[in-house]
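For ligands, and for the atoms within them, numbers begin at 1 and follow the listed sequence. Bear in mind that the values here come from a model prediction, so they are computed numbers and not experimental data.
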Amino acid sequence: MPNVAIVGTQWGDEGKGKIVDLLTEFADAVIRFQGGHNAGHTLVIHGKKYVLHLIPSGIVRANKLCLIGNGVVLDPAALIEEIQHLAELGVTVNSNLFKISAQANLIMPYHRELDVAREKRKGKGKIGTTGRGIGPAYEDRAARRGIRLSDLLNRQGFEAKLRDNLAYHNFMLENFYDASTFAFETIRDDTMRMANILAPYIEDVGQLLHEVIGKGQSILFEGAQGTMLDVEHGTYPYVTSSTTVAGNAATGSGIGPTVLNHILGITKAYTTRVGSGPMPTELNDAVGEHLGRVGHEFGATTGRPRRCGWFDAVVVRHAARVNGLSSMVLTKLDVLDGLEKLRICVAYERNGSQIKNMPADPSVLDMCEPVYEELPGWKTPVAQAKRMEDLPPEALAYIRRLEELTGVAISIISTGADRDQTMIIKNPFS
Ligand code: GDP
Ligand code: IMO
Ligand code: MG
């Protein structure tokens, strides 16, 4: 059975959660492979809304194995809160079906404090992070001092690591950032209490996946953030601290890349971004306001308004290359309903010459102007269409043009937030 990796092709919030939920029907296991609770993935099922931050978006479907891979940075308090929140919504997170990699690194309270203190220090030049401690936790992993889930099962080892980490981070917090420091005993006791709750979920997830593959079952890999937020391929330094592209679906899960059969890029019919950094097609006009209002473009994690703009084909072409996209899902097509004219950015212009591919130095984007192509809009709501043929001809022309400009076929079209408001043209699992 095929395995499908889902990635965002823009700056996140493309609608990955909705599509993961939809396609979980065809998978046996779903795994988050990077990021942390900076993600906010929204599902709407028959009008009922669920927002997931850490737990895979397959959790609402019964009897699916839901996993958190080694590539994720995990805040134990946030995970426990999410489990409780899901229980209130009637979704049980069962320790037979939900497992967290013993190799995943923990986000500790000092990581959150460092994240916030750094942003404060940067002032105007801030990244606009979610303030969840993501960056500092990944830094500790790379610095080889990170505390992993497996450490929670070894109290002595945990205490030694915590002591070392606190000595270093408290020094930085106090002397460099002029921020609050943390008491060893408080963190130790809080973490040990949470360790008791999380212990049943801790597992060798890579090995578990290997067994799932051995049984010929299907896996859905759920990416968070988007290609332009990738720490290497995005608009560095205005990015997150993890590798968000498809290659990391393997590395962040503990299996090899030959297991990935289909790379599915989730692409919004226009562009949004939360936080700072270049966004060539950003609109500060009535159209931008339309996209934000009709698309309800507010962050699912922080509630911040998202910056909105026209579709940027240079961005998605870049995503097609760095992810090796097999096909795309086009989401939020309905948000374009009623707009007189639509624009697509086909290239950038700098000093009179055109740039067709994403510049290797993203700071160049600040000096570029988008080159637009104009297409007619449509009046009939696309949500009324149940099949491709029912779409207004202008919407079909828009879709075909996006396929031509990006070189990637669109396999699914989403015309509303609900699971049912979706047209599957070609199922990536078939
Ligand atoms: P994710 O982070 O990629 O999972 O996306 P978010 O959940 O942060 O943001 C996408 C938002 O758009 C959510 O509120 C979804 O419920 C909503 N959404 C997803 N697909 C569609 C669609 O086709 N049309 C509309 N109008 N809303 C959608
Ligand atoms: P999902 O999975 C949109 C952005 C933040 C900030 C930058 C770095 O819902 O698509 P971080 O806290 O990760 O260090 O912040 O990345 N960001 C997201 N933007 N969607 C997300 O996740 C994001 N996760 C992080 O706004 O600009
Ligand atoms: Mg989101």
Report yes if the side chains of [X] and [Y] come closer than 4.5 Å at any heavy-atom pair, otherwise no.
| X | Y | answer |
| --- | --- | --- |
| Ile147 | Thr191 | no |
| Glu82 | Leu52 | yes |
| Leu209 | Val259 | no |
| Leu405 | Phe311 | no |
| Val44 | Lys18 | no |

Do [X] and [Y] pair up side chain to side chain, a donor and an acceptor below 3.5 Å, judged on atom types alone?
| X | Y | answer |
| --- | --- | --- |
| Ser327 | His262 | yes |
| Arg304 | Thr302 | yes |
| Glu222 | His41 | yes |
| Thr92 | Asn94 | no |
| Gln225 | Thr244 | no |

[X]: numbered ligand 1 atoms lying under 4.0 Å from its heavy atoms:
| X | value |
| --- | --- |
| Lys18 | 20 (N) |
| Ser414 | 20 (N), 21 (C), 22 (C), 23 (O) |
| His41 | 1 (P), 2 (O), 4 (O), 7 (O) |
| Gly17 | 4 (O) |

inquiry  = Yes or no: does His41 have any heavy atom under 4.0 Å from an atom of ligand 2?
reply    = yes
inquiry  = Any atom of ligand 2 sitting under 4.0 Å from a heavy atom of Ser241?
reply    = no
Determine, for [X] against [Y], whether the closest basic-nitrogen to carboxylate-oxygen distance falls under 4.0 angstrom.
| X | Y | answer |
| --- | --- | --- |
| Glu113 | Arg118 | no |
| Arg387 | Asp390 | yes |
| Arg419 | Glu25 | no |
| Arg145 | Asp164 | no |

Does ligand 1 come near enough to [X] that some N or O of the ligand is less than 3.5 Å from an N or O of the residue?
| X | value |
| --- | --- |
| Gly416 | yes |
| Gly295 | no |
| Gly40 | yes |
| Gly15 | yes |

Part of [X] with heavy atoms under 4.0 Å of ligand 2, whether side chain, backbone, both or neither:
| X | result |
| --- | --- |
| Lys16 | side chain |
| Glu14 | neither |
| Thr301 | neither |
| Trp11 | backbone |

Among all protein heavy atoms, pick out the one at the shortest distance from [atom]; state its residue, atom name and that distance to 0.1 Å.
| atom | result |
| --- | --- |
| atom 10 (C) of ligand 1 | Asp13 O, 3.8 Å |
| atom 12 (O) of ligand 2 | Thr130 OG1, 2.6 Å |
| atom 5 (C) of ligand 2 | Gly128 O, 3.5 Å |
| atom 26 (O) of ligand 2 | Arg304 NH2, 2.9 Å |
| atom 23 (C) of ligand 2 | Gln225 CG, 3.6 Å |
| atom 8 (C) of ligand 2 | Val239 O, 3.4 Å |
| atom 15 (C) of ligand 1 | Thr42 CB, 3.9 Å |
| atom 15 (O) of ligand 2 | Thr129 CA, 3.3 Å |
| atom 11 (C) of ligand 1 | Lys332 NZ, 3.6 Å |
| atom 20 (N) of ligand 2 | Asp13 OD1, 3.2 Å |

query = Of the backbone and side-chain N, O or S atoms of Lys16, does one lie nearer to the Mg ion (ligand 3) than 2.8 Å?
reply = no
query = Asp13: which N/O/S atom is nearest the Mg ion (ligand 3)?
reply = OD1
Please list, in number order, the atoms of ligand 2 under 4.0 Å from a heavy atom of [X].
| X | value |
| --- | --- |
| Gly275 | 27 (O) |
| Ala224 | 2 (O) |
| Ala39 | 1 (P), 2 (O), 9 (O), 22 (O) |

Closest by any non-hydrogen atom to [atom]: pick that one out of [options].
| atom | options | value |
| --- | --- | --- |
| atom 16 (O) of ligand 1 | Ser57, Gly299, Ala417, Ala383 | Ala417 |
| atom 11 (P) of ligand 2 | Thr240, Val274, Leu229, Leu52 | Thr240 |
| atom 9 (O) of ligand 1 | Glu14, Lys49, Arg306 | Arg306 |

message = Looking at every non-hydrogen atom in both residues, tell me the closest pair between Glu119 and Thr129 and how far apart they are.
response = OE1-N, 2.9 Å
Give the contacting part of [X] toward ligand 1: side chain, backbone, both or neither, where contact means a heavy-atom distance below 4.0 Å.
| X | result |
| --- | --- |
| Gln10 | neither |
| Asp334 | side chain |
| Thr415 | backbone |

query = Under 30°, 30 to 60°, or over 60°: which ring-plane class applies to His111 and His169, parallel, tilted or perpendicular?
reply = perpendicular
query = Does a sphere of radius 6.0 Å around NZ in Lys341 hold more than 12 heavy atoms from other residues, nucleotides or ligands, not counting ones at 6.0 Å or beyond?
reply = no
request  = Would you check, one step at a time, whether the test side chain to side chain donor-acceptor pair (under 3.5 Å) holds for Arg132 with Thr301?
outcome  = CA-CA 10 Å; Arg132 301 293 192 267; Thr301 296; 5.3 Å; no
query = Can Gln225 be said to touch ligand 1, with heavy atoms closer than 4.0 Å?
reply = no
key: Residue among Thr9, Thr267, Asn323 satisfying side-chain hydrogen bond (donor to acceptor under 3.5 Å, both in side chains) with Thr227   = Asn323
ask   = Just one of Lys332, Arg307, Arg306, Lys268 clears the salt bridge (Lys or Arg N to Asp or Glu O under 4.0 Å) bar with Asp13, so which one?
value = Arg306
